[in-house]
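Atoms within a ligand are numbered from 1 in the order they appear, just like the ligands themselves. All values reported here derive from a predicted model rather than from experimental measurement.
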Amino acid sequence: MSADTKVIGQPLNRHEGRAKVTGRALYAADHPASSVVHAAGVMSAVAAGEIVRLDATAAEQAPGVLAVLHHGSVPELHRIDEDMDEGRKAAEERPPFEDNRIYYFGQFVAVVIAESLEQARWAAQLVEVEYRVEPHVLTLDEGIETHGAKPQEDEESLRGDPDAALERAAVRIDTTYTTPVEAHCAMELHSTLAEWDGERLLLHDSTQWVFGQPRTLAAMLGLPEDKVIVKAPFIGGGFGSKLFLWPHTVLAAVATRMLRRPVKFVLPRQYHFTTAGHRPFTRQRIRIGATPDGRLTALRHDSQSHTSLVTDYVESCGESTPALYSCPNVAVTHELVPVNVGTPTPMRGPGNCPGLFALESALDELAVTLKLDPIELRRLNLPARDEEKDTPWSSNHFETCLLRAAERFGWSRRRQEVGAMREGREILGWGFAAATWPAWRDQADVTVELRSDGTARVECATQDIGTGTYSVIAAVVAELTSLPPEKIEVAIGDSTFPRGPISGGSMATATLVPAVAGATRNALHHLFGDGKTGVAHSAGWAEAWRKVGRTSVVGECHAEPGDEEDAFAFRSFGAHCVEVRWDPEITKLRVSRVVTVIDAGRIINAKTARNQVEGALVMGLGMSLLEETVYDPPSGRVVNDNLADYRVMVHAGMPELDVTLLDIADPQIGDFGAKGIGEIGLTGIAAAVANAVYHATGKRIRDLPITIEKLLA
Ligand code: MOS
């Protein structure tokens, strides 16, 4: 922790922790609403085709049923004009029930609204649907054969002549990696409680974007923007699945507008696997050319990922490839392949998560070929500047991360040969991989009210998805005012507050910190008449309040990135060392140690920041060893669409985690120098595990997850 701050950098408890553990924190579906009615969906039972007959008569006559929404009964919904800056983006461009087409198994074909949830569910089964079934495609190969692969120019990067350089290279690697569909599995189910007061639509919604959700929804419903309000004070995890508007939220809004009753739509877990996003399949070919002493001369990263037939979602696998290492000849391409599954969406560490599994596995393969230490190989190719953007780094402590991780892990004791490190029956494997994530920052408006009773209130239309945003905001105000954090009311999760950032792309903290600091300083200026912080005035508060003759002052700030965005490259870096233990006699594999070192700029709250990286590592070990959404080839149905069959990592399976945050302020990103920390921990970890598995077993697993079956094959 830096010595020049009193609160920032401390391991503070969650600002909202007491409200959460005492049950006072209300999530979307908890919100009390009188005479609330309930929604239940009817999902498509086929993966492709058309609805030729839908008969809702029996459902409509069932007890308690108020309405059945489907293509024939839903009011007109509009396709939106997508614009992230304006706050408009839907996860699926196609409004629900737009046509009678079926694009994927588990697509909504009808929604029943009834007095009770049980009545809605019962009636949903009574909706008769007849389909004209068409052949569907599920895999990348089937999709390419039927629909072709669409090149994505926006994802491309090229410098030098990578093909010629590969041709000339003394040492070459040419390998292909695949990753499966993964589900977000947030604890809190996607939920919307919609109320219509005759003029305005009020939604209590589990969303990662309270600023964008009402604008997107208003556009789709054809309402003025100010007629839709979204509240989301607490969200039980999102991981990307709650970034953008999904059909169930639209349908809850439509229903409440039709019925003039509050409508609650809690999406059953099953639907989370079909119509609330997932990480798509990827197939990535990596080609590397190098000199015999380990310098990269050529790098090609050619990726494919799937999308749905209703919306294009691109998984940017090669996002960091042109920047992470120094190399004169680089090419990155991406192709999108439509298949008959629901629409993919960002999932924590999108792009770089599968991307670094491929790139960092391939670098390990190069290290093995060269008989070079894998960390040494990275050190030989560290980029002095961002060679893609052709600018200096705002800050880059990648090498410190590598060295610190190696030191904490005891990497110098590693023996290079496969299977050479034994402990009893177990063979130890030690693997390394890098982590990286762009250090994005967006715009934000914040107001800070200081009150003469020694309290303060901060307002911003952002949200805390469990990541620590409440605590980060409170820490900045506390730092500058010397008020105790618990005296600071943090009002977020309400779209009527000043514009705040999305909780996505790991950019909320870097965006909010300068805006909160600016608004706090502005409020202090109103109170004290100068630009100094409250700390400098610890004795003079009472007098200042007397002088100003009011009981509260309000400071405002609009903060956004400036010219530094063009002058510097902003990126975070990290390093993972992983130990696996392989017992060949009983074919048991486990991860026994993880050492991770992250450079994410200045750390605002040491406790919640560490919690983010530890959580990412839990997800990362799940990605490495367990997670895979399985589709049934004949039907296109998700076979494991529940938390019993879709396996995620649990505490019992977790090894010791040793997480170090370098905590070095970035001098360019704004006040206090914080970069985001939510996603970086998940990037690279799967490669570190795969590389450790190779070191133990000699088996190179290029297809996630790393299962025993693959090790025995
Ligand atoms: Mo993150 S996948 O941008 O919520």
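- Using modelled atom types, one finds a donor on one side chain and an acceptor on the other under 3.5 Å when comparing Glu560 with His558.
- With sequence neighbours left out, Thr343 forms a side-chain hydrogen bond (donor to acceptor under 3.5 Å, both in side chains) with Glu92, Ser308.
- Scored by the side-chain hydrogen bond (donor to acceptor under 3.5 Å, both in side chains) test, Glu628 finds no partners at all (sequence neighbours excluded).
- Every residue meeting the side-chain hydrogen bond (donor to acceptor under 3.5 Å, both in side chains) condition with Asn611, not counting sequence neighbours, appears here in chain and number order: Arg14.
- For ligand 1, residues of the protein lying within 4.0 angstrom by heavy-atom distance are Gln208, Phe239, Gly240, Leu243, Pro346, Met347, Arg348, Pro350, Ser503, Gly504, Gly505, Glu679.
- Here the options are His184, Gln213, Glu188, the test is side chain to side chain donor-acceptor pair (under 3.5 Å), and the partner is Lys242; only Glu188 passes.
- A salt bridge does not link Arg571 with Asp386: none of the charged nitrogens is closer than 4.0 Å to a carboxylate oxygen.
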